[in-house]
Amino acid sequence: MDSHEAPKRKRGRKPKPPAIAVAAPDNGNHDSAPSPKPKRGRKPKPPPAASPDSDHPSSPLAAAIDTPDPGSSSGPRGRGRKSRRGRHELPSDADVPPRAPSPTRRGAQKAAANIKVDSVPAVEPLRWEQVARVMPSMDAVVKVFCVHTEPNFSMPWQRKRQYSSSSSGFVIAGRRVLTNAHSVEHYTQVKLKKRGSDTKYLATVLAIGNECDIALLTVDDDEFWKGVSPLEFGSLPTLQDAVTVVGYPIGGDTISVTSGVVSRIEILSYVHGSTELLGLQIDAAINSGNSGGPAFNDQGKCVGIAFQSLKHEDAENIGYVIPTPVIKHFIQDYEKSGEYTGFPILGIEWQKMENPDLRKAMGMKSDQKGVRIRRIEPTASESGCMQPSDIILSFDGIDIANDGTVPFRHGERIGFSYLVSQKYTGEKAHVKLLRNSKVHEFNIKLAIHKKLIPAHIKGKPPSYYIVAGFVFMVVSVPYLRSEYGKDYEFDAPVKLLDKHLHAMAQSPDEQLVVVSQVLVADINIGYEELVNTQVRAFNGKPVNNLKQLATMVEDCNEEFLKFDMDYDQVVVLQTKTAKAATQDILATHCIPSSMSDDLKA
């Protein structure tokens, strides 16, 4: 480019194609001023000095935006740098030291001053005070160290090798600490460490709520509570509210902070509890070690507990938080009963009534809405007043829609199971039913219903009974997970899965008893391949639970022990020989007893 081309470009000629690459820093000045466009489009090389007229903006507003410092140099490099920073510098113009303004920019200076005065009210409600209130609350966040000793379902007479884990927790009122239930599951020792401290304090576990995945701890040492202020709980946040998750995740030893917004509020599946309760979905990162840490709102109040995240190839930054209604229910339940009793449920399975022909066939009027009862748990108290094909119209005076939802907040609906979960065990609820086109009203007592295949064994060692090398055990979700891995819902036998998903206990003490394995010996030749097969009857009597089976076998005086198995299989052993061989098999495998302690009582 020779010396004759530069003045022409400065007088308004269009720049050459390479100048298009610098469109991003444009601050919106798209008028016909001749000089700014060529200067911003040119490469950042030292250009020839520009005349004062070429620096004069085409309008006072453009001058205020492009030149936040009216007294700065009029060189092209200076203007280019300020145009890139202008949008971020506007709120902080007061930090720039004043300079003597050039005569050509007095009008622009007045315009910029006017804009600053007008923008003061918008900047005045700063959020720094709110952030300052959040920072001291971080001292209430503690690191939880736990030593776990899990049960060994393959060899139920002993436990697995112990292992250690770390997670997060936080201090609440009453000299107590909250964390996740899975953080202290099968614990043998729990220790807590405060932020900035080098001392670990022994903790006592007061209560574990497996359904809601919350655990309550305390520390006896008074030194632990010095200088720690308990966190306060805030209200349930709304969509797009900012949240800050604090904890001790993997990747370092110090406290970690991640932020995001609330992206969803609905009934969620709690992985650890195998239940469905109210939950928050956020886009803040929740990693291993964040479990049990608090989620703060802008006011520095706790609005939830981080507890799980979604790991999927098509999803990113999806974390879940236990909201304050669930947390307060857990705490108040413990304070009322002295122990955790759980979240009550309706012992029913229901069907949506969205089809108009179905509603008409069930005798519903045009203004009636509700859900149809498919099945009722035989052990549930609701079985005394509810019947299959009844239509539940309302729960505690709140009408239920045909899709099973109820009004939640403005513009939001939620599953009616939320209303049930807000109750406490033993409380009563008013239910309105439609049966044969007639409305009936009942007061039902809410309770916890026992599942045929329980989701947890609640820290107890697994029950077992051994005779002639046959190891009989009770099926539970931890048992299935131990036998078939985390994908047990795909890999476990179909009949066990069918009972896990659909079967209902016919009595409170009913259990699903299986032959877990066969410890090979001469007495059980031909039966070695029996694995995880249900025992249906013993000597013609149905097997209701493991203790009943152990009692019948120990008291058997018949010649043979006959076990009727699933898939129409039969196991027959001579009574005297089988009982005599049991002691040798126990000695061979170093098994201390033929049955677990709970069966001896």
Side-chain angles (χ1 to χ4, degrees), residues 151-160 452-454 457 460-476 478-480 482-484 492-496 499 503 505-507 509-601:
N152 191 337
F153 290 95
S154 298
M155 294 181 287
W157 48 88
Q158 64 184 27
R159 288 182 174 266
K160 292 183 180 179
L452 180 61
I453 298 182
I457 59 175
K460 301 177 182 178
S463 302
Y464 72 92
Y465 174 67
I466 302 174
V467 60
F470 289 83
V471 181
F472 298 95
M473 295 188 65
V474 177
V475 178
S476 62
Y479 175 84
L480 294 176
S482 173
E483 290 288 303
Y484 301 101
V494 175
K495 287 203 172 186
L496 290 182
K499 292 179 174 61
Q506 301 300 313
S507 62
D509 61 347
E510 183 178 359
Q511 294 176 330
L512 188 63
V513 181
V514 297
V515 174
S516 174
Q517 61 177 316
V518 178
L519 304 176
V520 177
D522 295 343
I523 188 67
N524 51 47
I525 291 177
Y527 300 130
E528 300 91 347
E529 296 181 359
L530 280 176
V531 177
N532 293 328
T533 306
Q534 183 182 358
V535 183
R536 293 192 169 273
F538 172 74
N539 284 355
K541 297 179 180 179
V543 174
N544 193 48
N545 54 61
L546 184 56
K547 188 170 184 177
Q548 177 209 18
L549 174 63
T551 302
M552 289 192 297
V553 173
E554 292 294 318
D555 297 342
C556 181
N557 295 320
E558 299 182 19
E559 183 179 0
F560 294 102
L561 304 176
K562 181 183 178 182
F563 300 92
D564 294 323
M565 315 293 291
D566 213 349
Y567 306 101
D568 297 323
Q569 299 182 82
V570 177
V571 173
V572 179
L573 301 168
Q574 193 171 18
T575 304
K576 186 178 296 186
T577 308
K579 291 183 178 181
T582 300
Q583 297 302 320
D584 294 335
I585 295 173
L586 296 179
T588 301
H589 293 273
C590 301
I591 302 174
S593 176
S594 62
M595 64 180 70
S596 54
D597 292 338
D598 60 320
L599 302 182
K600 298 177 182 179

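Summarising the geometry of E558 relative to T575, their closest heavy-atom pair is O-OG1, 2.7 Å, with the distance given to 0.1 Å. The shortest heavy-atom contact between Y464 and M473 is CB-CG, 4.2 Å. Closest approach of D564 and G540 over heavy atoms only: OD2-N, 4.4 Å. In terms of heavy atoms, P462 sits closest to S596 at O-CB, 4.0 Å. Scanning both residues, M552 and P542, for their nearest heavy atoms gives CE-O, 4.4 Å. When every heavy atom of G469 is checked against every heavy atom of I585, the shortest pair comes out as N-CD1, 3.4 Å.
The number of heavy-atom neighbours closer than 6.0 Å to NZ of K499, taken from other residues, nucleotides and ligands shown, is above 12. No more than 12 heavy atoms of other residues, nucleotides or ligands sit less than 6.0 Å from atom CG of D568.
Panel note: side chain N524, backbone A521; a donor-acceptor pair is recorded below 3.5 Å. Using a distance-only test at 3.5 Å, with no hydrogens or angles considered, no donor-acceptor pair links the side chain of N152 to the main chain of K160. Checked by atom type and distance alone, the side chain of K562 never pairs as donor or acceptor with a backbone atom of A537 at under 3.5 Å. Proximity of a side-chain donor or acceptor of T582 to a complementary backbone N or O of A580 within less than 3.5 Å is not detected. S482 places no side-chain N or O within 3.5 Å of a backbone atom of P478 that could act as its donor or acceptor partner.
Looking at Q548 and K541, their side chains never come closer than 4.5 Å, going by heavy atoms from C-beta outward. Between V467 and L573 the shortest side-chain heavy-atom distance does not fall below 4.5 Å. Looking at heavy atoms from C-beta onward, S463 lies out of side-chain contact with Q511 at the 4.5 angstrom threshold. The shortest side-chain heavy-atom distance between I466 and W157 falls under the 4.5 Å cut-off. Side-chain atoms of L496 and I453, non-hydrogen and from C-beta on, never get closer than 4.5 Å to each other. Using a 4.5 Å cut-off on side-chain heavy atoms (C-beta onward), L530 and Q569 make contact.
The CD atom of Q517 sits 12.5 Å away from the OG1 atom of T533 when rounded to the nearest 0.5 Å. Between S594 atom OG and K600 atom NZ the span is 7.0 Å, to the nearest 0.5 Å. Within the model, atoms CG of L586 and OG1 of T588 stand 8.5 Å from one another, a figure rounded to the nearest 0.5 Å. Between the CG atom of N557 and the NZ atom of K576 there is a distance of 11.0 Å, given to the nearest 0.5 Å. Note that the CG atom of L599 and the CG atom of L546 stand 5.0 Å from one another [nearest 0.5 Å]. To the nearest 0.5 Å, atom CG of residue L452 and atom OG of residue S476 are 11.5 Å apart.
Applying the side chain to side chain contact (heavy atoms under 4.5 Å, CB included) test between Y527 and each of V515, V571, V520 identifies V571 as the sole match. Of the residues V514, V570, V535, the one that meets the side chain to side chain contact (heavy atoms under 4.5 Å, CB included) test with M565 is V535.
For F472 and F563, the ring centers sit closer than 6.0 Å to each other.
In the model, Y479 has a side-chain atom that pairs as donor or acceptor with a side-chain atom of S516 under 3.5 Å.
Applying the salt bridge (charged side-chain N to carboxylate O under 4.0 Å, His left out) criterion to R159, with sequence neighbours excluded, gives no partner residue. Residues forming a salt bridge (charged side-chain N to carboxylate O under 4.0 Å, His left out) with D566 (at least two apart in sequence, or on another chain): K495, R536.
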